[in-house]
Asker: 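Handing you this structure, nothing more for now.
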Amino acid sequence: MTTQNFRIPLVDFSAYLKGTEAEKKACVAQIMGGFTTSGFLYLQNSGLSPTEVYKWSEQFFKLPLQEKKKHPNDNSAANRGYSGMGLEKTTNVDIDGGAEAVEKLRAMLPDLKESLEIGSDEGSRYPKKPWKNHYPEEALPGFGEGMTKFYAQCDDLHHQLLCAIAEGLKLPKDYFKEYVTEGDHVLRLLHYPSIPKAVLEKEGAVRAGSHTDYGTVTLLFQDGSGGLQVRTPEGEWWDVEPVEGAIVINAGDMLQIWTNDVIKSTHHRVVSPPNAVTQEDGNYSARYSIAYFAHPDHGRIINAIENCVTKTRPNKYGPVKPGEWMVKRLTATY
Ligand SMILES: O=C(O)CCC(=O)C(=O)O
Ligand SMILES: [Fe+2]
């Protein structure tokens, strides 16, 4: 593949949800076009709105640091709670170099962001887990309820996307369904604080370092700030400009492993926004995003799908346990 056929299609998902058979088929082809080239697409008319969650997110990050620190994300297996500025270093150097390589990178180029990770809550939909979410209910009553609702809505969209992907791979529509029942997904609220222009324009400075995501797909809601970039096969950085009302969807490592590289889990990062207007004080304004990392059930085994393995495309990855993959990568990057 070359940069020439690299694309991030703008997909009207209502064609898949409510269209005729022909419209559905065309929509599936568009989705696969994105996932098999750039690994990214924009999704419109998904029925999902992040407006309420953005409001909660702004309120959460405005809380005093000592309040936020009452809810630390200090356990990679749980992956729930607050991470302060520069704590996580999103990168892939862990895969080859391990935690030590990440540590070196973090010292040089810390990520300029803070985040709150949220997992599934025990209830009618998901089983009990050994960990609980850190909801700042005292400071923000209703926060937990809002997150639980949005988490499930994102999961519904995840299921619909997996059906479309299965169809695109010529598999039964519910092929993936049995692998995604336990709610091992992560909802992450992200805040990239306002920052002096000079800091972000320093050589190598990033709001979030280059990395791939770990799961099936990521649903990414970004505000109008810009700065998200995806890496082309030639190693150039391609702007994923914000499109109002559209969700950015990208494939993660698990889909790449499952499909033996037919679907791409592409490197992406967040840098200084290309069209940003600086504030009067010379700062870039704050950026908010919300990411939903959908994951297969952590205890399952993922192996290459049969029709993605051919003589010319031999099985590249061994069997992988999603939970082990994620903990290994999170342990190194935090
Ligand atoms: O904030 C963004 O736009 C991207 C964040 C991201 O890629 C991640 O958290 O994995
Ligand atoms: Fe990411």
Side-chain angles (χ1 to χ4, degrees), residues 8-13 34 38 40-63 68 82-86 88 90 111-118 136 140 143 146-147 149-151 153-154 157-158 185-197 199-201 205-211 213 217-230 237-250 266 268-294:
I8 305 182
L10 183 61
V11 178
D12 177 357
F13 204 48
S38 62
F40 274 69
L41 52 98
Y42 293 102
L43 204 71
Q44 280 182 315
N45 299 319
S46 64
L48 204 56
S49 165
T51 310
E52 284 299 309
V53 179
Y54 269 126
K55 280 188 201 152
W56 282 122
S57 175
E58 279 191 38
Q59 289 181 51
F60 174 77
F61 289 115
K62 274 198 190 119
L63 292 174
K68 293 184 277 193
Y82 173 71
S83 303
M85 286 283 285
E88 186 203 23
T90 49
D111 276 359
L112 304 165
K113 66 169 198 268
E114 54 180 345
S115 65
L116 179 71
E117 273 76 43
I118 295 152
L140 301 172
F143 183 95
M147 294 306 137
K149 194 171 116 204
F150 191 66
Y151 188 102
Q153 289 172 342
C154 288
L157 178 56
H158 169 226
H185 323 301
V186 182
L187 170 61
R188 167 187 272 180
L189 311 183
L190 279 148
H191 174 223
Y192 303 85
S194 166
I195 188 165
K197 210 173 168 218
V199 172
L200 211 50
E201 284 174 354
V206 282
R207 273 181 154 167
S210 169
H211 66 283
D213 292 343
V217 292
T218 301
L219 318 183
L220 183 74
F221 306 84
Q222 55 168 341
D223 65 12
S225 308
L228 177 65
Q229 294 183 321
V230 56
W237 289 103
W238 181 293
D239 290 319
V240 188
E241 301 251 5
V243 173
E244 210 183 325
I247 309 173
V248 173
I249 313 275
N250 66 287
T266 331
H268 51 283
R269 65 179 190 178
V270 183
V271 295
S272 60
N275 308 317
V277 190
T278 42
Q279 300 173 165
E280 271 173 24
D281 57 8
N283 282 9
Y284 280 128
S285 54
R287 177 176 189 272
Y288 287 88
S289 65
I290 302 161
Y292 185 81
F293 303 100

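A quick note: this is a predicted structure, and the numbers were derived from the prediction, not measured.
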Asker: Kindly give the heavy-atom pair with the smallest separation between Val243 and Gln44, and that separation in Å.
Answerer: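 Scanning both residues, the minimum pair turns out to be CG1-NE2, 4.4 Å.
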Asker: Picking from Phe61, Tyr82, Trp56, what satisfies ring pair (Phe, Tyr, Trp, His ring centres under 6.0 Å) with His191?
Answerer: Phe61
Asker: Side-chain donor-acceptor pair under 3.5 Å between Tyr284 and Glu201, yes or no?
Answerer: yes
Asker: Do the ring planes of Phe143 and Phe60 sit parallel (below 30°), tilted (30 to 60°) or perpendicular (above 60°)?
Answerer: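 It falls in the tilted class, 30° to 60°.
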Asker: For the atom pair CG (Leu140) and NZ (Lys55), what is the distance rounded to the nearest 0.5 Å?
Answerer: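 Interatomic distance, Leu140 CG to Lys55 NZ, rounded to 0.5 Å: 14.0 Å.
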Asker: So, for Arg269 and Gly209, which heavy atoms are closest and what is the spacing to 0.1 Å?
Answerer: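 Scanning both residues completely, I find the closest heavy atoms to be CB-C, 3.9 Å.
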Asker: Let's go through Val248 and Tyr42 carefully: what are the C-alpha distance in whole Å and the side-chain angles of both, what is the deciding distance for side chain to side chain contact (heavy atoms under 4.5 Å, CB included) to 0.1 Å, and is it a yes or a no?
Answerer: CA-CA 5 Å; Val248 173; Tyr42 293 102; 4.0 Å; yes
Asker: If every non-hydrogen atom of Val199 is compared with every non-hydrogen atom of Ala205, which pair is closest and at what distance?
Answerer: O-CB, 3.3 Å
Asker: Distance from Gln222 atom CD to Tyr192 atom OH, nearest 0.5 Å?
Answerer: 9.5 Å
Asker: Compare all side-chain heavy atoms of Ile249 with those of Leu219 and state whether any distance is below 4.5 angstrom.
Answerer: yes
Asker: When you compare the side chain of Leu228 with that of Leu220, does any pair of heavy atoms fall below 4.5 Å?
Answerer: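 With C-beta onward as the side chain, the pair touches.
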Asker: Is there side-chain contact between Leu189 and Val53, with heavy atoms separated by less than 4.5 Å?
Answerer: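 Yes; the side chains approach each other to less than 4.5 Å.
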Asker: With rounding to the nearest 0.5 Å, note down the distance linking OG in Ser57 to CE in Met147.
Answerer: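 Here the rounded value is 7.0 Å.
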Asker: Could you label the plane-to-plane angle of the Tyr292 and Tyr151 rings as parallel, tilted or perpendicular, counting under 30° as parallel and over 60° as perpendicular?
Answerer: perpendicular
Asker: Are the side chain of Ser285 and the backbone N or O of Ser194 linked by a donor-acceptor pair below 3.5 Å?
Answerer: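 Absent.
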Asker: With a 4.5 Å limit on heavy-atom distance, are the side chains of Phe13 and Ile247 in contact?
Answerer: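 Phe13 does not reach Ile247 side chain to side chain.
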Asker: Using modelled atom types and a 3.5 Å cut-off, is there a donor and acceptor pairing between side-chain atoms of Ser38 and backbone atoms of Phe40?
Answerer: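 Confirmed, Ser38 side chain pairs with Phe40 backbone.
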Asker: Determine yes or no for a side-chain-to-main-chain donor-acceptor pair under 3.5 angstrom, with Asp223 supplying the side chain and Ser225 the backbone.
Answerer: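 Yes; judged by distance alone, with no hydrogens or angles, the pair exists.
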Asker: Do side-chain atoms of Tyr54 reach the backbone of Phe221 as a donor and acceptor pair under 3.5 angstrom?
Answerer: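 A pair under 3.5 Å: yes.
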Asker: Are Met85 and Pro193 side-chain neighbours, meaning at least one heavy-atom pair lies under 4.5 Å?
Answerer: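 Yes; the side chains approach each other to less than 4.5 Å.
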Asker: Could you check if a side-chain atom of Val240 sits within less than 4.5 angstrom of a side-chain atom of His268, using non-hydrogen atoms only?
Answerer: no
Asker: Does the side chain of Glu117 reach to within under 4.5 Å of the side chain of Phe293, using non-hydrogen atoms?
Answerer: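 They are not in side-chain contact.
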Asker: So Phe150 and Ile118, do their side chains get closer than 4.5 Å, heavy atoms only?
Answerer: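 No - every pair of side-chain heavy atoms lies 4.5 Å or more apart.
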Asker: So, are Lys149 and Glu52 salt-bridged, with charged N and O less than 4.0 Å apart?
Answerer: no
Asker: Is a donor on one side and an acceptor on the other found under 3.5 Å between the side chain of Arg207 and the backbone of Ser272?
Answerer: no
Asker: Let me confirm one number: the OG1-NE2 distance from Thr266 to His211, rounded to the nearest 0.5 Å.
Answerer: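 Going from OG1 on Thr266 over to NE2 on His211, the span is 11.0 Å.
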Asker: Write down the atom of Leu48, the atom of Pro50, and the distance for their closest heavy-atom approach.
Answerer: O-CD, 4.1 Å
